[in-house]
Each structure stands twice: as structure tokens, then as C-alpha cells.
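Following: one structure in C-alpha cells, then a few remarks.
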Amino acid sequence: MPSRDPDARALATHDEEDPLLAPENPKDPDSPTPTTPPPSGGRSDRSPWNWLLLLPVAVPLMTFVYNSDEPRLAGFPAFYWIQLAFILLGVSTTVVVYRMTRKRG
């Protein structure tokens, strides 16, 4: 049974006629190569300081650090104030890594 939707029929014939939607010929010398190298002279993110960013990810995963009610700090259980300390840890390590890896000059 043929489709009564005119858009569906137009889309079916449109794919066959549109050269932009047709698959590229890999043997065509004018087709762009998918392995073009990125432009050189850009910023390199291969600094050893970037490894420090794993610290605020790994420390909160160690649940034995904060899986307790004691000690309390200003009446708050350890779980809550240690979570706030993790935020400060993440911010401080991000600031340190940023300052150590930014380009000077």
C-alpha cells in the first residue's frame, strides 16, 4: 500500500537525487580526507599538572573516609562537612592546575 504522506514520498526521492546526501566515493581525489591533522601551534594539554585533577574525582569515591557520624563539626555530622571539604578540594586543585599550566607571556 503506497504512503499517502507527500513528505515521505518527497524524502524518499530526495535522498536519491541530492549529491550531498549520497555517500562519498572514496576513490574520488577531490573528496576531503577524514584524517586531516589538527592545526599546529595550538595549546597542548599534555602537562603533568593535569594528573592532579584526578584527586577531586578519586577522593570522594573512597567512602570509608566519610562513612561515619563522628566527628561532628559545629553540630554537623562528618558526612556533611566532608562533602563541603570535597568542594574546596576540587576548587583548589582546579585553581592550582590552571595557574601551573597557563601560558605566560
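- Residues meeting the side-chain contact (heavy atoms from CB on, under 4.5 Å) test with Val59, sequence neighbours left out: Leu55, Met62, Phe86, Leu89.
- Across all non-hydrogen atoms, the minimal contact from Val97 to Trp49 is CG2-O, 3.2 Å.
- For the side-chain hydrogen bond (donor to acceptor under 3.5 Å, both in side chains) condition, no pair includes a residue of residues 53-68, sequence neighbours left out.
- For the residue pair Thr94 and Gly90, the shortest heavy atom distance occurs at OG1-O, 2.7 Å.
- Residue pairs that meet the salt bridge (charged side-chain N to carboxylate O under 4.0 Å, His left out) test with at least one member in residues 86-100, sequence neighbours left out, do not exist here.
- Residue pairs meeting the salt bridge (charged side-chain N to carboxylate O under 4.0 Å, His left out) criterion with at least one partner in residues 82-97, sequence neighbours excluded, are absent.
- Rounding to the nearest 0.5 Å gives a distance of 11.5 Å between CD1 of Ile87 and OG of Ser92.
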Return all side-chain donor-acceptor pairs below 3.5 angstrom for residues 71-82, not counting sequence neighbours, or 'none' if the list is empty.
| residue | atom | partner | partner atom | Å |
| --- | --- | --- | --- | --- |
| Arg72 | NH1 | Gly75 | O | 3.0 |
| Arg72 | NH2 | Asp69 | OD1 | 3.2 |
| Arg72 | NH2 | Asp69 | OD2 | 3.1 |
| Trp81 | NE1 | Pro71 | O | 3.1 |

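- Taken to the nearest 0.5 Å, the OG1 atom of Thr93 stands 11.0 Å off from the CG atom of Asn50.
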